[in-house]
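Report on one structure; see the data block that follows.
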Amino acid sequence: MNFSKKLINWYSVNKRDLPWRKTQNPYFIWLSEIILQQTQVKQGWPYYSKFTANYPTVFDLAAAKEEDVLNLWQGLGYYSRARNLHASAKYIVNELDGIFPNTYKEIKKLKGVGDYTASAIASICFNEPTAVVDGNVYRVLSRVFGIETPINSTLGIKEFKTLAQKLVDVKQPATFNQAIMDFGSQVCKPKQPLCETCIFNSTCLAFNLNKVSALPVKLNKTKITEKYFNFIVFLVDGDLTLIEKRTKKGIWQNLYQFPLIESKKELTLMEITKRVKVQFELSQLEIRLFNKDVITHKLSHQHLKTKFWVVSTSNLTANTTKIKDLNNYPVPVLIQNFINDFNF
DNA sequence: AAAACGGGGGA
DNA sequence: TCCCCAGTTTT
């Protein structure tokens, strides 16, 4: 029996029961695929439930405010996914009369949709025989076929896509694509894969050459940078504070935060005090450090060494926000954790 | 071709 | 602590 047949047989017995497996509605499939980019099923599931409940159709999503979409996305990370999702919903409604594109080529034109997601939607919703290549597929194929080309090299990306395309069952691409991903996540796992009971273990090159833990090959570890974040938490007359929107490109674009003083080195109380006085035109102020120990917020590519400075004042000229309204604004997890820990 | 982009979970 | 996750976009 060939690779695809064995895989689909395995899937028919072992497929997981997931909410987005009950539909072929491209809007729902699209939603699930965007949510699941670089995100595990367990983490993405509640977000899929929230989004389908709040925005049952693409028209509802298109009509929403970006701020509300980001607020619903809060905590999931990679916030450009939410901004692109919202922009694409408006594009589908305004330019395509609300009709979801139905070919790989047209689907890929949506913001936030690359080769993987376009292949997934085209195959699952429209039976187009285009193969998905995600982290699971790289792992399964590199091991079973003993391919040592780095998966994050230009050559590797082309090589694995070509192989997957050759293997995909053109009669049932949706089943094949979901089968290989499910197999990768449940059996051919990154660590402690279930090789002893694997359906491919008699032919798997990695298993028979004892190279399972060495595959797939990946190059270029991202180096981590350190930054110092000092958030200024104003307390104005007991019930007001000050927040700002991150409008620049970079992390957390369009999310909100307390006024931020960023630096490459640690700043002293004196330096913080001076900068706050100048920036907010305060002659004197009462300032205290909330967290005695620095909070290191770890992202995949940078470590943010963070301090929250609490400033009490009554004569602030800037536009303040009611503390009880803070939950209306999308904020990074780092900020949300502070709001939860700090008893305003 | 390389860097940027979050956060949670598992070993 | 390190690695991985149903990747895409920008530089």
Take the protein atom [atom1] of [X] and the nucleotide atom [atom2] of [N], then report the distance between them rounded to whole Å.
X	N	atom1	atom2	value
A:I224	C:dC2	CD1	C1'	9 Å
A:Y47	B:dG6	OH	P	13 Å
A:L76	B:dG6	CG	P	11 Å
A:H303	B:dC5	NE2	C1'	14 Å
A:D134	C:dG7	CG	C1'	9 Å
A:I151	C:dC5	CD1	C1'	12 Å
A:L304	B:dA4	CG	P	13 Å
A:L194	B:dA11	CG	P	12 Å

I would like to know whether A:L110 and A:I92 meet side-chain contact (heavy atoms from CB on, under 4.5 Å); could you show each step before the answer? CA-CA 9 Å; A:L110 301 175; A:I92 291 169; 4.0 Å; yes

Supply the atom-to-atom distance A:H303 NE2 to A:H297 NE2, rounded to the nearest 0.5 angstrom.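 Reported value, rounded in 0.5 Å steps: 10.0 Å.
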
Could you measure the distance from the CD atom of A:Q253 to the OG1 atom of A:T247? Nearest 0.5 Å is fine. 8.0 Å

Shortest side-chain distance from [X], nucleotide among [options]:
X	options	result
A:N84	B:dG6, C:dT9, C:dA6	C:dT9
A:W252	C:dC3, C:dT8, B:dG7	B:dG7
A:K191	B:dA11, C:dA6, C:dT8	B:dA11
A:I251	C:dA6, C:dC3, B:dG6	B:dG6
A:Y116	C:dT8, B:dA11, B:dG6	C:dT8
A:Y79	C:dA6, B:dG7, B:dA11	B:dG7
A:Y78	B:dC5, C:dT9, B:dG7	B:dC5
A:P190	C:dC5, B:dG7, C:dT11	C:dC5
A:K249	C:dT10, B:dG7, C:dG7	C:dT10

Under a 3.5 Å limit for both distances, which nucleotide forms a Watson-Crick or G-U wobble pair with B:dA4, could you say? C:dT8

For [X], answer base if it contacts any base atom (sugar-phosphate contacts may also be present), sugar-phosphate if it contacts only those atoms, and nothing otherwise; contact means non-hydrogen atoms under 4.0 Å.
X	result
A:N177	nothing
A:R83	nothing
A:G44	nothing
A:G184	nothing
A:W73	nothing
A:S32	nothing
A:T39	base
A:G114	sugar-phosphate
A:V113	sugar-phosphate
A:I35	nothing
A:L18	base
A:Q192	sugar-phosphate
A:Q302	sugar-phosphate

What interatomic distance, in whole Å, is found between P of B:dG10 and the corresponding atom of C:dA6?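 The same atom, P, in both gives a distance of 13 Å.
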
Separation between the C1' atoms of C:dC4 and B:dG6, rounded to whole Å: 14 Å

Exceeds 12 heavy-atom contacts within 6.0 angstrom, atom CD of A:E244: yes

Using heavy atoms to find the nearest nucleotide of DNA chain C for A:G112 and A:Q178 separately, return the residue whose nucleotide is more 5′.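 Result of the comparison: A:Q178.
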
Please state whether the phosphate of [N], meaning OP1 or OP2, lies under 4.0 angstrom from any side-chain nitrogen or oxygen of [X].
X	N	result
A:K298	C:dT1	yes
A:Q38	C:dG7	yes
A:H301	B:dC5	yes

For the pair A:S88 (side chain) and A:L85 (backbone), establish whether a donor and an acceptor sit closer than 3.5 Å, ignoring hydrogens and angles.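 Absent.
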
Would you find a donor on one side and an acceptor on the other, under 3.5 Å apart, between the side chain of A:K161 and the backbone of A:A131?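 Judged by distance alone, yes, a pair lies under 3.5 Å.
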
Between A:H297 and A:S153, just flag the one whose closest nucleotide in DNA chain B comes earlier from the 5' side. A:S153

Position toward the 5' end of DNA chain B (nearest nucleotide), A:V333 or A:L155: A:L155

With distance as the sole criterion, do the side chain of A:S300 and the base of B:dG6 form a donor-acceptor contact below 3.5 Å? yes

A:E106/A:K109 under salt bridge (charged side-chain N to carboxylate O under 4.0 Å, His left out): CA gap, chis, key distance, verdict: CA-CA 5 Å; A:E106 295 302 314; A:K109 290 179 181 172; 3.1 Å; yes

Positive for ring-ring contact (aromatic ring centres under 6.0 Å, His included) with A:F258, one of A:F338, A:F234, A:F342: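 Exactly one candidate clears the test, A:F338.
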
